[in-house]
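Scope of the values below: all heavy atoms of this structure, side chains included, with no hydrogens, waters or symmetry mates. Protein chains get the first letters and strands the later ones, always in sequence-line order, with residue 1 at the start of each.
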Protein chains: 4
Amino acid sequence: MRKSGSQSPTFDKIIEASLQLFNQEGERVITTNHIAERMNISTGKLYYHFRNKEEIVNELYQRYVKGMGEQLSAAINHCNSIEAMVGAMEKTLRHIWSFRFLPQSLPSLFCVNPVLAENHQQISRGQLNNKLGQLFARLREQGMLQGDDSQLQHLVQHFQMVQTGWVTSIRNSASAAELERMVEAGCRSLMYLLSPYVSPRFQQPFQRACARFA
Amino acid sequence: MRKSGSQSPTFDKIIEASLQLFNQEGERVITTNHIAERMNISTGKLYYHFRNKEEIVNELYQRYVKGMGEQLSAAINHCNSIEAMVGAMEKTLRHIWSFRFLPQSLPSLFCVNPVLAENHQQISRGQLNNKLGQLFARLREQGMLQGDDSQLQHLVQHFQMVQTGWVTSIRNSASAAELERMVEAGCRSLMYLLSPYVSPRFQQPFQRACARFA
Amino acid sequence: MRKSGSQSPTFDKIIEASLQLFNQEGERVITTNHIAERMNISTGKLYYHFRNKEEIVNELYQRYVKGMGEQLSAAINHCNSIEAMVGAMEKTLRHIWSFRFLPQSLPSLFCVNPVLAENHQQISRGQLNNKLGQLFARLREQGMLQGDDSQLQHLVQHFQMVQTGWVTSIRNSASAAELERMVEAGCRSLMYLLSPYVSPRFQQPFQRACARFA
Amino acid sequence: MRKSGSQSPTFDKIIEASLQLFNQEGERVITTNHIAERMNISTGKLYYHFRNKEEIVNELYQRYVKGMGEQLSAAINHCNSIEAMVGAMEKTLRHIWSFRFLPQSLPSLFCVNPVLAENHQQISRGQLNNKLGQLFARLREQGMLQGDDSQLQHLVQHFQMVQTGWVTSIRNSASAAELERMVEAGCRSLMYLLSPYVSPRFQQPFQRACARFA
DNA sequence: AATGAATGAGCCTTCATTCAT
DNA sequence: AATGAATGAAGGCTCATTCAT
């Protein structure tokens with residue numbers, strides 16, 4: 001996979017327009033022509049910057065993973081309070097939302113885009129998984145979470161699955177207000193998932209944080 | 001949506017061939033031509049039995065939901081032991097696996113097949129959700145599970161999301177042996193999810209059941 | 001071309017249903033399946049009675065021509081008064097209307113149905129033309145019409161073209177009331193066409209007959 | 001309806017090839033594939049310039065109407081002599097001939113192409129009708145024609161119907177020589193139609209013009 | 001006579017991609 | 001860098017017609 005990153009202003013604009021359209025209408029129904037049309041550029045220009053549609057998707061995938069990684073890293077470094085955790089969670093959900101076409105399309109893309117399948121197996125299931133594992137480990141070190149290794153390992157998986165399940169359950173056409181409510185609901189859902197593993201002495205602040213979303 | 005059910009042997013054979021191909025290759029890349037070719041029938045024959053590909057997918061969706069509903073109903077009626085529960089879980093995972101293209105394709109199908117989107121919102125998110133809720137409520141009545149209403153409600157959601165996440169994470173080309181391992185892993189994962197809500201006096205048999213999958 | 005005529009009740013029912021559908025929706029968009037469906041019979045049954053769609057159209061054409069011929073013959077035999085003429089005209093228009101798909105579809109059918117093309121050239125342009133010519137000749141004998149041979153010959157052509165033009169200009173979905181108005185308008189139009197050739201001494205009754213449609 | 005007019009050389013070539021094929025073989029049997037094949041271009045190219053066959057037909061209709069309108073306008077401006085009138089008539093017939101598939105296919109197209117139905121009702125039955133009415137009115141002003149308003153109105157209708165009837169009666173495969181004879185016959189036919197309304201003092205030049213076609 | 005499932009050629013159309021300019 | 005016309009494989013689907021029963 002090519003290294004992610006903006007190569008030129010046009011490159012970025014294509015990526016952004018694609019993301020918008022993919023999120024709105026679904027990657028499956030958006031053609032390269034749609035993207036070019038929406039941007040008022042020629043198809044030729046689009047194909048000058050990307051060899052094909054796959055490459056656009058792959059680049060978006062890279063950006064998605066990079067963003068997730070950054071947020072997890074930040075969370076790892078600032079996981080000293082329940083509030084910080086909740087804040088991180090919310091940010092993560094928003095990030096997923098801003099790439100919502102991906103969780104929706106990835107499984108169906110794998111049969112068409114083997115590069116992506118390969119990447120997902122290694123990167124996401126590797127890198128992101130790891131980081132989330134580290135985060136939970138750190139939280140255990142700090143006494144916020146408890147549980148044995150295999151419990152936390154499963155928690156990592158479940159956490160990711162619930163994130164994905166969350167974004168998949170929202171209508172693409174949700175309004176800003178609806179989104180806010182959904183983000184709150186998503187945070188609540190994730191907190192319920194963590195709740196059994198929150199240490200007794202952190203239960204109070206945790207419940208208080210939960211209340212914020214009630 | 002038309003009522004599900006076999007209308008004729010050919011109808012059923014088309015459904016079965018489609019399911020097989022969808023599961024193997026991904027619904028997105030399988031065309032009606034592929035299905036007809038694989039079955040050695042004319043496209044006309046296929047279109048005599050189904051107005052279009054959508055109708056095939058919809059019929060498969062109906063069958064999927066019907067099967068899930070039946071299994072949940074059965075589980076509700078025989079939820080007297082941990083073993084029974086685990087058995088039900090395993091059956092459910094196998095059923096999902098046998099329709100694995102659906103959890104993978106549903107999100108991307110919604111932007112193309114509005115009937116399906118509508119149905120999913122009502123049927124799955126309604127009927128199946130309800131049944132799973134009933135099952136957990138019953139388990140609580142019997143003292144196997146504990147937790148307040150909202151905890152169990154979230155457990156329902158998480159349970160479904162983990163099921164979906166599980167099937168999505170398996171390679172379509174998994175061998176029979178691999179599948180067996182994956183089913184075990186899936187059961188284990190779901191048990192970890194339930195574990196915090198298992199009543200203390202059922203923890204022992206629960207852990208024993210877990211051990212079966214270790 | 002096969003001799004026209006009812007061969008069996010089913011034969012007739014197919015013809016009638018076809019006529020109805022052709023008139024309503026246009027022969028071009030009505031398939032043999034439509035006809036069978038509308039009649040609640042199998043396609044097989046339809047094809048037992050007619051070798052193909054062409055044969056249905058041809059049979060309808062035969063009936064159309066036969067009806068026109070009969071009406072012209074009747075007119076020839078009762079052309080003693082202006083009123084009789086006008087009545088005949090009206091009947092003719094109604095008959096054309098009841099086969100209105102034909103004037104609309106004939107030209108486009110010729111490139112697909114050579115039998116029809118051949119027949120039309122000979123039958124219509126022959127038989128009907130002749131009869132209308134006879135009628136006008138008879139009217140001239142009786143002193144109602146005047147004009148030389150070539151004038152009357154052209155009148156024959158124009159008369160037919162105006163009939164065709166008339167039916168083509170009406171919406172297929174015209175209501176019964178609209179139809180009545182259109183028939184009146186059609187009669188008026190044809191009378192205007194004849195008017196210059198009506199003998200002076202018949203002008204008064206002719207104008208009176210015209211007034212009926214004013 | 002899109003404004004008529006050449007958008008590009010290819011656009012025009014497609015239109016011309018389509019017109020030729022439609023006229024030769026009948027619009028009903030000519031598919032977009034035929035057109036592309038005949039032109040030795042890819043179907044994609046054709047669909048790059050026209051969204052579908054309908055659009056090609058509509059464009060041809062626009063050109064047909066535009067041409068008719070121009071010829072009628074010219075006739076209105078130069079209707080000072082019988083000869084000019086006859087010349088205009090002949091030009092009109094040739095124009096209709098060059099779009100002969102249209103009068104043949106329009107009625108059967110209406111049930112398939114609602115845009116065309118709508119347009120025909122308004123444009124042809126409106127615009128062209130009007131112009132022809134103006135022409136006859138002008139001829140009456142100049143003393144060449146006589147007749148009351150409703151007579152001339154009907155004359156307009158009949159004139160158009162006879163034009164249509166004329167072109168419909170010619171074999172598509174007519175040779176150049178045959179065409180010449182048919183054009184003459186058509187002019188003669190139209191003159192017979194007008195003849196009763198030609199003022200007495202113009203009868204002589206009118207008959208002389210007629211003789212040209214005898 | 002009738003059924004209705006089956007055929008298959010072929011239509012319309014899309015769309016990722018290329019390429020001359 | 002960019003244009004936008006062009007390609008062509010392939011997809012979805014129709015429909016007149018056949019045929020085993």
Side-chain angles (χ1 to χ4, degrees), chain A residues 7-11 28-37 39-56 112, chain B residues 7-11 13-14 28-37 39-56 112, chain C residues 7-11 28-37 39-56 112, chain D residues 7-11 13-14 28-37 39-56 112:
Chain A
Q7 330 266 327
S8 77
T10 305
F11 183 97
R28 189 171 176 159
V29 299
I30 293 300
T31 71
T32 47
N33 287 342
H34 284 140
I35 299 169
E37 224 170 274
M39 297 181 66
N40 285 319
I41 63 170
S42 63
T43 43
K45 187 170 183 178
L46 193 152
Y47 274 86
Y48 179 82
H49 290 279
F50 295 88
R51 219 163 352 136
N52 48 39
K53 191 184 167 187
E54 246 181 76
E55 249 185 23
I56 298 179
V112 144
Chain B
Q7 329 266 332
S8 79
T10 305
F11 183 98
K13 273 185 218 144
I14 293 172
R28 188 174 175 153
V29 298
I30 293 301
T31 71
T32 47
N33 285 345
H34 288 139
I35 300 169
E37 232 168 85
M39 297 181 68
N40 283 320
I41 63 172
S42 64
T43 50
K45 185 170 182 176
L46 193 152
Y47 276 89
Y48 180 80
H49 292 279
F50 296 89
R51 226 167 340 151
N52 48 40
K53 190 183 163 190
E54 242 181 80
E55 249 186 22
I56 299 179
V112 144
Chain C
Q7 329 267 327
S8 78
T10 305
F11 183 98
R28 188 172 176 158
V29 298
I30 294 299
T31 71
T32 47
N33 287 340
H34 285 140
I35 299 169
E37 223 170 276
M39 297 182 68
N40 285 319
I41 63 171
S42 63
T43 42
K45 189 170 181 176
L46 192 152
Y47 274 87
Y48 180 82
H49 291 279
F50 294 89
R51 221 165 347 139
N52 49 39
K53 192 184 167 189
E54 246 181 76
E55 249 185 22
I56 299 179
V112 144
Chain D
Q7 328 266 329
S8 77
T10 304
F11 183 98
K13 273 185 217 144
I14 293 172
R28 187 174 175 154
V29 299
I30 293 301
T31 71
T32 46
N33 285 346
H34 289 138
I35 300 168
E37 232 168 86
M39 297 181 69
N40 283 320
I41 63 172
S42 64
T43 50
K45 185 171 183 175
L46 192 150
Y47 276 89
Y48 181 79
H49 292 279
F50 296 89
R51 224 168 341 150
N52 48 40
K53 191 183 162 190
E54 243 181 79
E55 248 186 22
I56 298 178
V112 145

B/Lys45 has an atom NZ; how far is it from atom P of E/dA6, in whole Å? 4 Å
Could you give the CG-to-P distance, from D/Leu46 to F/dG4, as a whole number of Å? 20 Å
Shortest non-hydrogen contact from B/Leu46 to B/Ala36? CD1-N, 4.0 Å
Nearest whole angstrom, please: distance from the P of F/dT3 to the OH of A/Tyr48. 12 Å
Pairing residues for B/Thr10 by the side chain to side chain contact (heavy atoms under 4.5 Å, CB included) criterion, not counting sequence neighbours: B/Ser8, B/Ile14, B/Lys45, B/His49
Sorted by chain and number, sequence neighbours left out, side chain to side chain contact (heavy atoms under 4.5 Å, CB included) with C/Thr31 holds for C/Asn33, C/His34
Side chain to side chain contact (heavy atoms under 4.5 Å, CB included) partners for A/Glu37, two or more places apart: none
What pairs with B/Thr32 under side-chain hydrogen bond (donor to acceptor under 3.5 Å, both in side chains), at least two apart in sequence or on another chain? B/Tyr47
Spacing of A/Glu55 atom CD relative to E/dA16 atom P, expressed in whole Å: 15 Å
Watson-Crick and G-U pairing of DNA chain F, under 3.5 Å, as dot-bracket with | and [ ]: .||||||||||||||||||||
For D/Lys53 against D/Arg28, the heavy-atom pair lying closest together: NZ-O, 4.4 Å
Rounded distance (Å) that lies between atom C1' of E/dT18 and atom CZ of A/Phe50: 18 Å
Counting only side-chain nitrogens and oxygens, does B/Ser42 get under 4.0 Å of the OP1 or OP2 atom of E/dT7? yes
Nearest whole angstrom, please: distance from the C1' of F/dT7 to the CE of D/Met39. 15 Å
Distance in angstrom units between A/Glu37 CD and E/dT14 P, rounded: 12 Å
Inter-nucleotide P distance (E/dA1, F/dT21), Å rounded: 23 Å
Spacing of A/Phe50 atom CZ and A/Ile35 atom CD1 [to the nearest 0.5 Å]: 9.0 Å
Within the 4.0 Å limit for protein heavy atoms, which parts of nucleotides 10-16 of chain F are touched? Write it as a string from 5' to 3', B for base, S for sugar-phosphate only, - for none. -SSBBSS
Let me know the distance between CD1 of A/Ile56 and P of E/dC15, rounded to the nearest Å. 15 Å
